[in-house]
Amino acid sequence: MLLELLKGPLSQVYFSSLILVILLLMLIMTSRLFLTRRKKAYFSLSLSLLVVMSQQVLVILSEDGGGSGSSGIIGYLALLLKAVSFILLNLGLYQLYNSSRTRQYVLLYGAIGIAVVLSLARFAFKSFTGNPEQIALLRDLGIELYMFVMLFLCYQWISPWVGQWSRYQLSLSFYFIYQLIHVADVFMTGRSYPLVLAAANLFLVLYFITLFLIVFERVVELLQATYAKSITDALTGMYNRRFFMTRLGAYLNHGVLVSVIFTDIDNFKRLNDTQGHDKGDEALKKVALILREESEEIGISGRLGGEEMVIMVTDPEVHVGELAEAVRKRIESDAGVTVSVGYSKARKGVNADQLVKQADEAMYQAKTTGKNKVCKYTKQKNSHSAAE
């Protein structure tokens with residue numbers, strides 16, 4: 001039954017409909033991103049997808065599949081949009097990874113202009129005398145050969161600039177095979193072998209599937225990067241204050257009795273003033289790396305601001321005082337600075353802000369009683385005692 005479908009008169013319609021579904025999924029992704037982020041790349045890619053979809057609709061409407069030799073205005077537009085859509089789509093893929101400048105737009109308009117001229121050349125053959133079938137084929141030979149030129153240029157110029165270069169090159173290979181079979185089918189066999197046309201369309205479908213995977217992976221990559229940027233501190237890579245406090249509040253609201261370790265780099269202002277902000281930033285990064293590593297499997301860490309960094313301990317098996325002391329010792333030996341550390345354990349009725357404030361008060365106790373030490377928050381008439 002599948003073979004009959006591929007050989008049947010509606011074979012082109014089925015393949016074009018499948019391509020339209022793939023293109024529609026891509027268009028939903030890119031247009032949604034454009035509406036929310038307003039970046040030029042999403043607009044260009046959405047526009048190119050609309051052009052490709054228009055071309056596939058014309059292919060369905062044309063009397064013989066919209067390829068070379070199609071008569072009438074529909075066949076002409078289908079052939080023109082085939083070239084234009086290919087150019088726009090590949091520019092859109094380029095813009096997903098790069099910003100476009102004047103040079104790129106000049107090349108774009110030039111490539112489209114050549115496609116228009118070659119497409120209009122078909123009308124010059126109307127005045128020629130001779131075999132009508134041969135004339136019908138020759139009038140479209142220029143733009144079909146032009147597609148091979150564009151494939152080569154995309155491979156040379158765009159491929160190195162697309163992050164997923166191997167997948168992009170695979171897509172061009174699929175399109176090259178499609179174009180090769182298509183040209184051979186039209187100009188050599190005269191469309192007398194339906195299975196050859198089906199084979200060409202199969203590679204065209206593979207081309208669009210590969211493009212879909214490229215766009216999907218890039219969209220996921222951009223969303224992940226955007227999300228990571230919104231929840232992390234740019235300098236240290238730790239979670240920012242908002243995200244940390246949100247997560248801490250969520251744990252407390254669900255009744256999880258977590259603990260907070262609060263660290264503050266000793267003499268940090270003096271470090272910045274005497275050795276420069278670069279040295280201070282370096283110290284922050286080293287301390288942050290240690291806190292991230294120490295909290296990796298037992299909780300999360302975050303930067304509240306300045307030199308204040310914290311750990312939320314979610315593992316009930318962890319002895320928080322021992323962990324705080326281990327963190328202090330490691331920072332002293334590995335980071336080239338010392339820290340004052342305070343910690344507090346959650347109790348019923350204590351919210352996120354209160355728990356962090358308690359750990360901060362314990363840290364302040366460590367800071368004012370000698371620095372480079374660990375203190376535990378204890379609720380004894382608002383006083384604090386050193387940790388064991």
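Remember, it's a predicted structure, so these values are computed and weren't measured experimentally.
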**Complete:** Only residue of Gln365, Lys373, Lys371, Lys367 satisfying side chain to side chain donor-acceptor pair (under 3.5 Å) with Thr369 is Lys373

**Message:** How long is the straight-line distance from OG of Ser301 back to CD1 of Ile261, given to the nearest 0.5 Å?
**Reply:** 10.5 Å

**Prompt:** If you take all heavy atoms of Ser344 and Gln358, which pair is closest and at what distance?
**Reply:** OG-OE1, 2.8 Å

**Asked** Which residue pairs satisfy the side-chain hydrogen bond (donor to acceptor under 3.5 Å, both in side chains) criterion with at least one member in residues 43-53, sequence neighbours excluded?
**Response** Thr30-Ser46, Ser44-Gln95

**Asked** Are there more than 12 heavy atoms of other residues, nucleotides or ligands under 6.0 Å from atom OH of Tyr105?
**Response** yes

**Prompt:** What are the two closest non-hydrogen atoms of Ala362 and Tyr377, and how far apart are they?
**Reply:** CB-N, 3.6 Å

**Prompt:** Under 4.5 Å between side-chain heavy atoms, hopping through other hydrophobics if needed: is there a path connecting Phe174 to Val162?
**Reply:** yes

**Prompt:** Between CG of Leu93 and CD1 of Ile158, what distance do you get to the nearest 0.5 Å?
**Reply:** 8.0 Å

**Straight-line distance of Leu252 CG to Arg247 CZ, nearest 0.5 Å** = 12.0 Å

**Request:** Taking only Lys NZ, Arg NE, NH1 and NH2, and the carboxylate oxygens of Asp or Glu, determine whether Lys286 and Glu282 approach each other closer than 4.0 Å.
**Result:** yes

**Asked** Between Gln56 and Lys82, does any side-chain donor sit less than 3.5 Å from a side-chain acceptor?
**Response** no

**Request:** Specify the closest pair of heavy atoms between Arg167 and Leu213, including all atoms of both residues, with the distance to one decimal.
**Result:** NH1-O, 3.6 Å

**Item:** Tyr97: partners by ring pair (Phe, Tyr, Trp, His ring centres under 6.0 Å), with sequence neighbours left out
**Value:** none

**Leu289-Val287 co-clustered via ILVMFWY side chain contacts under 4.5 Å** = no

**Message:** Return the OG to CG distance between Ser85 and Leu49, rounded to the nearest 0.5 Å.
**Reply:** 10.0 Å

**Prompt:** So, do Thr232 and Met238 sit near enough that their side-chain heavy atoms are less than 4.5 Å apart?
**Reply:** no

**Message:** Quiz question: by atom type and distance under 3.5 Å, do the side chains of Tyr364 and Asp264 form a donor-acceptor pair?
**Reply:** no

**Asked** Given side chains that start at C-beta, do those of Ile19 and Val59 come closer than 4.5 Å, heavy atoms only?
**Response** no

**Asked** Which pairs count as ring-ring contact (aromatic ring centres under 6.0 Å, His included) when at least one residue sits in residues 30-50, sequence neighbours excluded?
**Response** Phe34-Phe43

**Prompt:** Do Phe262 and Val341 touch side chain to side chain, with heavy atoms closer than 4.5 Å?
**Reply:** no

**Prompt:** Are Leu79 and Tyr175 co-members of a hydrophobic cluster defined by side-chain heavy atoms under 4.5 Å apart?
**Reply:** yes

**Asked** According to the side-chain hydrogen bond (donor to acceptor under 3.5 Å, both in side chains) rule, which pairs have a member within residues 322-331, sequence neighbours left out?
**Response** Glu293-Arg330, Glu294-Arg330, Glu325-Arg328, Arg328-Glu332, Arg328-Asn372, Arg330-Asp334

**Stepwise side chain to side chain contact (heavy atoms under 4.5 Å, CB included) test for Asp281 and Leu235** = CA-CA 8 Å; Asp281 288 347; Leu235 177 65; 3.7 Å; yes

**Spacing of Arg242 atom CZ and Leu304 atom CG [to the nearest 0.5 Å]** = 14.0 Å

**Request:** Answer yes or no: is there a side-chain heavy-atom contact under 4.5 Å between Leu20 and Leu24?
**Result:** no

**Message:** Applying side chain to side chain contact (heavy atoms under 4.5 Å, CB included) to Phe216 and Leu25, what does each step give before you reach the verdict?
**Reply:** CA-CA 10 Å; Phe216 181 78; Leu25 293 174; over 6 Å; no

**Prompt:** Cluster question for you: counting only ILVMFWY and a side-chain heavy-atom cut-off of under 4.5 Å, with indirect links fine, are Leu222 and Met26 together?
**Reply:** yes

**Prompt:** So, Ser159 versus Gln169: side-chain donor-acceptor pair below 3.5 Å or not?
**Reply:** yes

**Asked** Quick one: does Tyr146's side chain have a donor or acceptor within less than 3.5 Å of a partner on Ala111's backbone?
**Response** yes

**Item:** Same apolar cluster: Met147 and Tyr168, side chain cutoff 4.5 Å
**Value:** yes

**Item:** Residues Asp353, Lys357: salt bridge by 4.0 Å N-O rule
**Value:** no

**Message:** So for atom CZ, which belongs to Arg347, do other residues, nucleotides or ligands contribute more than 12 heavy atoms lying within a distance under 6.0 Å?
**Reply:** yes

**Message:** Could you check whether any side-chain heavy atom of Tyr207 comes within less than 4.5 Å of a side-chain heavy atom of Phe86, counting everything from C-beta outward?
**Reply:** yes

**Item:** Asn201 side chain to Leu197 backbone, donor-acceptor under 3.5 Å
**Value:** yes

**Message:** I need the minimum non-hydrogen distance between Val339 and Ile265, along with the two atoms involved.
**Reply:** CG1-CA, 3.9 Å

**Prompt:** Can the ring centres of Phe148 and Phe176 be said to be less than 6.0 Å apart?
**Reply:** yes

**Close side-chain approach of Met363 and Thr263, heavy atoms under 4.5 Å** = no

All N/O donor-acceptor pairs, side-chain side in residues 305-315, below 3.5 Å, sequence neighbours left out:
{"residue": "Thr314", "atom": "OG1", "partner": "Ile298", "partner atom": "O", "Å": "3.1"}
{"residue": "Asp315", "atom": "OD1", "partner": "Glu317", "partner atom": "N", "Å": "2.9"}

**Message:** Run Leu211 and Ile22 through side chain to side chain contact (heavy atoms under 4.5 Å, CB included) and show every step you take.
**Reply:** CA-CA 9 Å; Leu211 291 189; Ile22 298 170; over 6 Å; no

**Fill in**
Shortest non-hydrogen pair, Val320 vs Ser259, comes out as CG2-OG, 3.3 Å

**Asked** Can Ile112 and Leu88 be said to form a side chain to side chain contact (heavy atoms under 4.5 Å, CB included), step by step?
**Response** CA-CA 9 Å; Ile112 293 177; Leu88 289 174; 4.1 Å; yes

**Message:** In the structure I gave you, are the side-chain heavy atoms of Phe203 and Leu180 within less than 4.5 Å of one another anywhere?
**Reply:** no

**Message:** Within the 4.5 Å heavy-atom criterion, are Arg303 and Leu291 side-chain neighbours or not?
**Reply:** no

**Asked** Distance from His182 atom NE2 to Ile177 atom CD1, nearest 0.5 Å?
**Response** 15.5 Å

**Asked** What pair of heavy atoms forms the shortest contact from Asn272 to Gly280, and how long is it?
**Response** OD1-CA, 3.4 Å

**Request:** Would you confirm whether Gln156, through its side chain, and Leu153, through its main-chain N or O, come within 3.5 Å as a donor-acceptor pair?
**Result:** no

**Prompt:** If only atom types and distance count, is the side chain of Asn267 paired as donor or acceptor with the main-chain N or O of Arg270 below 3.5 Å?
**Reply:** no

**Complete:** By side-chain hydrogen bond (donor to acceptor under 3.5 Å, both in side chains), Arg241 pairs with (sequence neighbours left out) none

